[in-house]
Amino acid sequence: LCRGGLAERLCRLQNRERSAISFWRHQCISDANPPSDKPGVLIVKILEMFEECTIQVAICQQLEQSPATLSSENAVIREREPILKVLFARETAAYLKSRPQDVIHIYPPWQKLLLKNEDVPVIMNTYFSQKVLLSEHSETREKTCGLTKMLIRKNIVSLAQTFRLDDPDDDFCQKSLDNQAACAPQIHNNGNWKEHSLAWSAVNDSLLEMVENQGAVGWREVQVRVIIQRVYCLPAKEGCRAPVQGKKALCEAPLKSSDPPNVRLCFLVQDAYGMFSEVQLQSPSSADDVEQYCRRWEGKFCCLSGMKILQRTTRGRALGLFSLIDSLWPPVVPVKVPGQSQHSEMMTTNLSPPSFCYILTVPSGEIHVEVDEEEQISNLYQPPAVHGLKEILQIDGCNERCSFWAQVLYLRLQTKHSVPVNQREIWLFVTDSTLQNTAHSTPKVVAVSVAASCVLSTEIREALSAASPLVFFRDALWGKGRIICVERTVLLLQKPLLCSAAGADLSELTGPVRLDELDSTTQANSICAVRGTIVGVNESTAFSWPTCNRCGNGKLELCPQDRRLLYCNECSEVVISPVLKMQLEVFLSCPSRAQSRVKVKVWHKMSFHALSTQCIYYEVQSVLGKEVELLNCYVHFIASHPDCVGLEEIVLL
Amino acid sequence: MDSTLPAVAEELLKEIKKAFQETSHVPDDLLLGLNFIFGPCAVPALDLVDQHSVTRVVSPSGRTAFQVLGSSGKLYTCFSSCHFCTCPAFSFTVLQKSESLLCKHILAVYLSQAMGACQELNVSEEQLTSILLAEEEDEG
């Protein structure tokens, strides 16, 4: 009930009345306490009775004196005695068990209503009524009354007659446009009527209420108004491979992966009470949609309808989801508290973070997910807080969601042959100006592992293989010294429209990127720069092969016509000047890690004329003693006993 | 004999309207009168009024209907020309058992009108028709 509202007031009045009524005696013997000297007591004699809608209507005669004081002769009804219509509530009538000729004392408080065009006043609120029993007849009379059921005529009220609240002589207009209550935000009247039974249904602003009413009649027509905090894609569960039906999916087949898009577009929404829910679209979407929906829909109000509850999940069972929810807690504006009036503001201090969350599915389509794109961003929206990588590395916590901009320097696919290619973990080595421009204690480059559960769009995949892309990592997870991209992390190329850059230095990197030099703190599966002197060559690993100078194809074949020439199948042409690629393992002596045996797999390219292929033999001995200047490498392994390091030369993006 | 209760109810509602117009306040005794006449649907009806749940829907021809947002979130339609509401309580308590004059939604309509708490919605003729006929459609 609304606090301070009419309903609450009536409730209180009712309760007061009820407690008083519970002590009331509805029958009394007439000798005791004649009430005629008590003010406000009505004495009536029932002439006729009937019932209308559980109210007992008694046509009565008002008596001025208690009938006990009158002799039986004087008890004759005189015409002049005023007639009253007394109404009794169902409970009162049951206590009184009145019959015609009964005398009833009606104690205050009672109410009198005068009807227009009628002489007979109506008495109501007659809870404190007492039937007067004439002592000599009381017992026997009651007994007989109790045995015979009295039949009361019941009037059926016609529904055809409505109530007219305005008097013909009143100027007051029925419409009362100036008293029109301000449109409550939940009634969505944007003039866009849809010829559809679902469209104009009631709009709720509580997810919990909507969920609790599931199963109630008309639940599916309920709309809930929420704001969209995050948009992301989740991989669809195994076994739910719906056939690719959407038009988009058919036309925009992703270039890199051969699988059809098997992801669902999801929204993390929050209602006016601060409650979160993850809403998944039922039909599969393309990962490429995420970027545009992020831009168009995040922060906006949305009306959802036709929802089904998939699951009610708790913190312990959905750590990933709750780490995202925690990053959005506490709410930035006060939220409503259930049970309170809509108009009161509630504080959000000391609100504990949510411990459960409903996962809902909703059919795709504008009718079910109606986003008000034109409206302003809601105050409840919390855009991702962008930090510099340096700051993130210093966060003291586990499973914290973080967002940052970074330049991707190198990409490595984790090779696990048992796992299909598109489900393998990708390691990205990234940096930003906060890492590049600081002193020695922080690493210059950070590894970000992208799990298969983090859905990447085609655009991102392509960009990641291109030159040094700048990527926005949204809601990545930081913990145990690593940054990982998992479910609900989104990688974007576009700068988000709204994000709070909490003092992060988002400036572009100027100058060449520097990697950390190989030293005692270097770890495996990282990238570093190494310099030193070549002190040894592992000749057994020397390997060279020609590649096509046009397309880089490494699988050249001998030309069938002239077996001295090389032929490229990709270009369908003879390769006149192949490029010789060589791979060689060398041992370096590095001043930065002097005690280790550093083995580096190096690559070289040399072009030369095809005719001289058989003559070229890479003189491995000639490299001994050569100085290597800051070679960028991937660290394959670091072993301690014996102390050796395995590196591979890499080319940064 | 003509029924009594409707006239009583009407007069009570008129008193409420008058009191509200004059003082922007509904006195306790009128609230108790509502409770007496309408019984268990008085408090819920007032609650609906407090929440501004009643909307008067008008079409260009002047036809009207009322839509009341029930507590469960479901929208009920109340007719203007006679006492009728699409809620289950109406069909049971009013039509079938004649235990009540009105259901809480119809009472809320009257009270909202008396206190100027009705919201207004203008729709086209077709839309109003579909509101009035909407209950005939099958679910899902």
Side-chain angles (χ1 to χ4, degrees), chain A residues 1-2 5-7 9-11 13-14 17 50 52-55 57 85 87 89 111 113 115-116 118 122 124-125 154-165 167 172 174-177 179-181 183-184 187 189 193 195 197 201-202 204 209-210 213 216-222 342, chain B residues 1 3-15 17 21 26 28-29 31-37 39 42-44 46-47 49-52 55 69 72-75 80-84 88 94 98-101 110 113-114 116-121 123-124 126-127 130 134 137 140:
Chain A
L1 294 182
C2 286
L6 291 165
R9 256 178 68 203
L10 179 54
C11 246
L13 293 169
Q14 235 182 10
E17 220 173 40
F50 51 90
E52 278 179 27
C53 297
T54 76
I55 301 261
V57 182
K85 258 189 202 172
L87 306 182
Q111 284 191 44
L113 201 64
L115 301 177
K116 282 194 165 61
E118 271 206 40
V122 175
M124 26 187 265
N125 287 60
K154 183 163 167 163
N155 266 357
I156 302 295
V157 175
S158 162
L159 297 173
Q161 187 183 18
T162 52
F163 304 148
R164 298 231 27 234
L165 297 191
D167 280 325
F172 189 75
Q174 180 86 21
K175 253 193 190 169
S176 65
L177 282 167
N179 284 354
Q180 184 180 340
C183 224
I187 307 288
N189 179 18
W193 178 273
E195 301 289 342
S197 62
S201 31
N204 212 340
E209 208 177 290
M210 181 214 67
N213 287 330
V217 170
W219 179 74
R220 283 163 59 88
E221 282 148 26
V222 168
Q342 288 171 341
Chain B
M1 181 188 282
S3 38
T4 309
L5 221 48
V8 177
E10 186 182 61
E11 188 58 40
L12 185 61
L13 290 167
K14 274 194 194 162
E15 293 276 318
K17 176 171 172 178
Q21 268 178 268
V26 181
D28 284 356
D29 58 340
L31 285 183
L32 284 171
L34 267 184
N35 195 42
F36 180 80
I37 298 291
V43 170
L46 285 171
D47 189 41
V49 177
D50 288 335
Q51 310 223 23
H52 297 278
T55 305
L69 179 56
S72 65
K74 176 151 177 152
L75 204 65
S80 320
S81 51
C82 63
H83 286 164
F84 179 78
V94 180
S98 295
E99 270 180 5
S100 185
L101 266 184
Y110 279 120
Q113 289 184 288
C118 262
Q119 310 206 35
E120 294 274 324
L121 180 65
V123 300
S124 73
E126 294 80 27
Q127 288 161 3
S130 74
E137 283 181 33

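Per chain, numbering begins at 1; letters A, B, ... match sequence-line order.
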Worksheet item: Of the backbone (N, CA, C, O) and the side chain (C-beta and beyond), which part of B:S98 lies under 4.5 Å from a heavy atom of chain A, both, or neither?
Response: both

Worksheet item: Do you know which of A:A160, A:C53, A:G5 has the most heavy-atom pairs under 4.5 Å to chain B?
Response: A:C53

Worksheet item: Where on A:A89 is there a heavy atom nearer than 4.5 Å to chain B: the side chain, the backbone, both, or neither?
Response: both

Worksheet entry | By side-chain contact (heavy atoms from CB on, under 4.5 Å) - contacts of B:A7 (at least two apart) | A:L115

Worksheet item: Could you give the distance from CG (A:L165) to OH (B:Y110), rounded to the nearest 0.5 Å?
Response: 7.0 Å

Worksheet item: Measuring heavy-atom distances to chain B, does A:L87 have an atom under 4.5 Å in its side chain, in its backbone, in both, or in neither?
Response: both

Worksheet item: What residue, out of B:V94, B:V26, B:V49, has the most heavy-atom pairs lying under 4.5 Å from chain A?
Response: B:V26

Worksheet item: Rounded to the nearest 0.5 Å, what separation is found between the CG atom of B:D29 and the CG atom of B:N35?
Response: 12.5 Å

Worksheet entry | Selection from A:L13, A:N125, A:I156, A:T54 maximising heavy-atom pairs under 4.5 Å formed with chain B | A:N125

Response to the item:
CD (B:E11) and NZ (A:K116) are apart, to the nearest 0.5 Å, by 5.0 Å

Item to complete: Name all residues meeting the side-chain contact (heavy atoms from CB on, under 4.5 Å) criterion together with B:P6; count only those two or more places apart in sequence or in a different chain, and write none if there are none.
Response: A:E52, A:V157, A:Q161, A:F163, B:S3, B:L101

Worksheet item: Checking heavy atoms, do the side chain of A:I55, its backbone, both or neither come under 4.5 Å from chain B?
Response: side chain

Worksheet item: Under the 3.5 angstrom rule, does the side chain of A:R9 hit a backbone N or O of B:L31 as a donor-acceptor pair?
Response: no

